[in-house]
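Model, not experiment: these values are computed from the prediction.
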Amino acid sequence: LQMFIGRAVDQFQTYMVSIIREVLRKRPEILSNSTYSLDVKGILEHSTIDSLVHDLVERKVDDLSYRGFEDLADWCRKQGIPLVVPSGSLDQVIELIATRNAIAHNRGVVDQRYLAIVKAPRFKSGELRTLTIAGLFAAMSLLNEIVGATDESAVSSFGLNTIELESVDQ
C-alpha cells in the first residue's frame, strides 16, 4: 500500500507542477510580479527573450515544487491559476503529501515534519503511518478528482492544448 499511495501522490505532484508550467508558458506575464535575482551575464546567456522567459518559468516551477501544497494552492489562487480542490479537502491532500514524504524518507514512520504539516494528526511521532485499501482508493479518488477538475479549468481558462485519448475497453 505504501508503494501505491507514494506513487499516486508523486504523480499528483508531478501533474500540478506540469500544469503550472504549461500555464506559465502560455501566459508568462503571470510572472510579472515575481522577483528574481538576475545578473547581466545570466541575461546575456540567452539568445532570445523566449529563452529567458523559459528559464524564468523553470525557476518559478522549481521554486513552487518545493513549497508545501497549501503555499502552492495559495500562489495559484493569487495568480488566477485554477487549482480545483473540493471544499474541505485541502487538509486531506496535505496529509497525503505528508504521508508520501514519511514513506519516502522515513519508511512510513511519523516524525516531527509530518506532525508539523498535518493539522489533525491521527498518529504520534515514532508510529507507523498505517494505510488501508479503502484509504488508498479514497486518496486516489480525491487526487483524480482534483486533477480532472483542475485540468478542465486550466484548459478552458488559458486555452491550453489538449490531446484526445482513445478509450480502451477491456
Side-chain angles (χ1 to χ4, degrees), residues 1-25 30-31 33-37 54-155 157-158 160 163 165 170:
L1 290 177
Q2 285 186 350
M3 179 180 67
F4 291 123
I5 199 78
R7 191 69 176 142
V9 172
D10 283 342
Q11 289 300 307
F12 172 76
Q13 291 180 299
T14 298
Y15 166 79
M16 286 297 147
V17 168
S18 295
I19 196 70
I20 291 168
R21 177 182 289 115
E22 290 304 313
V23 167
L24 293 176
R25 285 181 180 165
I30 291 172
L31 294 175
N33 61 355
S34 298
T35 305
Y36 295 99
S37 176
H54 177 80
D55 185 47
L56 293 173
V57 166
E58 290 306 312
R59 285 182 187 209
K60 186 54 154 180
V61 168
D62 284 347
D63 173 53
L64 291 169
S65 71
Y66 289 105
R67 292 188 189 183
F69 188 75
E70 198 166 14
D71 288 345
L72 176 75
D74 187 50
W75 183 85
C76 286
R77 183 185 50 74
K78 288 177 182 173
Q79 305 309 316
I81 299 172
L83 195 145
V84 186
V85 179
S87 180
S89 297
L90 182 62
D91 289 347
Q92 288 174 275
V93 175
I94 291 168
E95 182 179 5
L96 286 170
I97 294 169
T99 297
R100 177 260 172 219
N101 292 341
I103 291 167
H105 303 294
N106 207 27
R107 300 176 326 275
V109 176
V110 171
D111 58 10
Q112 290 305 316
R113 284 179 287 180
Y114 178 95
L115 296 174
I117 294 169
V118 176
K119 290 191 172 57
R122 298 172 285 143
F123 304 93
K124 295 179 182 164
S125 184
E127 288 183 340
L128 182 66
R129 169 56 170 94
T130 57
L131 302 168
T132 64
I133 291 173
L136 169 65
F137 287 139
M140 291 178 72
S141 178
L142 173 61
L143 297 177
N144 287 338
E145 181 180 352
I146 294 167
V147 166
T150 298
D151 198 69
E152 188 175 304
S153 188
V155 165
S157 295
F158 294 98
L160 302 179
I163 299 171
L165 297 176
Q170 298 199 22

Item to complete: Using a 4.5 Å cut-off on heavy atoms from C-beta on, say whether the side chain of Arg21 contacts that of Met16.
Response: no
Practice prompt. Look at the aromatic rings of Phe12 and Phe69 and report parallel, tilted or perpendicular, splitting at 30° and 60°.
Written response: tilted
Worksheet item: What pairs with Asp62 under side-chain hydrogen bond (donor to acceptor under 3.5 Å, both in side chains), at least two apart in sequence or on another chain?
Response: none
Discussion item. Strictly distance-based, threshold 3.5 Å: is any side-chain N or O of Tyr15 a donor or acceptor partner for the main-chain N or O of Asp151?
Written reply: yes
Worksheet entry | CA sep, side-chain torsions, deciding dist, call: Arg59, Asp63, salt bridge (Lys or Arg N to Asp or Glu O under 4.0 Å) | CA-CA 6 Å; Arg59 285 182 187 209; Asp63 173 53; over 6 Å; no
Item to complete: Please say whether more than 12 non-hydrogen atoms of neighbouring residues, nucleotides or ligands are located less than 6.0 Å from NZ in Lys119.
Response: yes
Compile the donor-acceptor pairs under 3.5 Å between side chains in residues 77-86 and protein atoms, sequence neighbours left out, one pair per line.
{"unit_1": "Arg77", "atom_1": "NH2", "unit_2": "Asp74", "atom_2": "OD1", "d": "2.4"}
{"unit_1": "Lys78", "atom_1": "NZ", "unit_2": "Asp74", "atom_2": "OD2", "d": "3.2"}

Worksheet item: Take atom CD in Glu152; do more than 12 heavy atoms of anything else shown fall under 6.0 Å from it?
Response: no
Give the table of side-chain donor-acceptor pairs shorter than 3.5 Å for residues 130-147, with sequence neighbours excluded, one pair per line with atom names and distance.
{"unit_1": "Thr132", "atom_1": "OG1", "unit_2": "Gly135", "atom_2": "N", "d": "2.8"}
{"unit_1": "Asn144", "atom_1": "ND2", "unit_2": "Met140", "atom_2": "O", "d": "3.1"}

Worksheet entry | Minimum side-chain heavy-atom gap Leu128-Gln2 below 4.5 Å | yes
Worksheet item: So which heavy atom on Leu115 is nearest to which on Pro121, and how close?
Response: CD2-CB, 3.7 Å
Practice prompt. Might you work through the side-chain contact (heavy atoms from CB on, under 4.5 Å) test for His54 and Arg25, ending with a clear yes or no?
Written response: CA-CA 7 Å; His54 177 80; Arg25 285 181 180 165; 3.3 Å; yes
Worksheet item: Going by heavy atoms in the side chains, are Gln13 and Ser65 under 4.5 Å from each other?
Response: no
Practice prompt. Look up atom CD1 in Ile20 and atom CH2 in Trp75, then write down how far apart they are to the nearest 0.5 Å.
Written response: 6.0 Å
Fill in: Side-chain heavy atoms of Arg113 within contact of Asn101, under 4.5 Å
no
Item to complete: Applying side-chain contact (heavy atoms from CB on, under 4.5 Å), run through Val23 and Ile30 and close with a yes or a no.
Response: CA-CA 9 Å; Val23 167; Ile30 291 172; 3.8 Å; yes
Worksheet item: To the nearest 0.5 Å, what is the distance between CD1 (Ile19) and CG (Leu160)?
Response: 5.0 Å
Item to complete: Mind checking the CD1-CG spacing from Ile117 to Asp91? Nearest 0.5 Å is all I need.
Response: 12.5 Å
Worksheet item: Taking all non-hydrogen atoms of both residues, which atom of Arg100 and which atom of Gly6 are closest, and how far apart?
Response: CG-O, 3.8 Å
Discussion item. Let me confirm one number: the OH-NE2 distance from Tyr114 to His105, rounded to the nearest 0.5 Å.
Written reply: 14.5 Å
Fill in: Side-chain touch Arg129/Ile103, heavy atoms, less than 4.5 angstrom
no
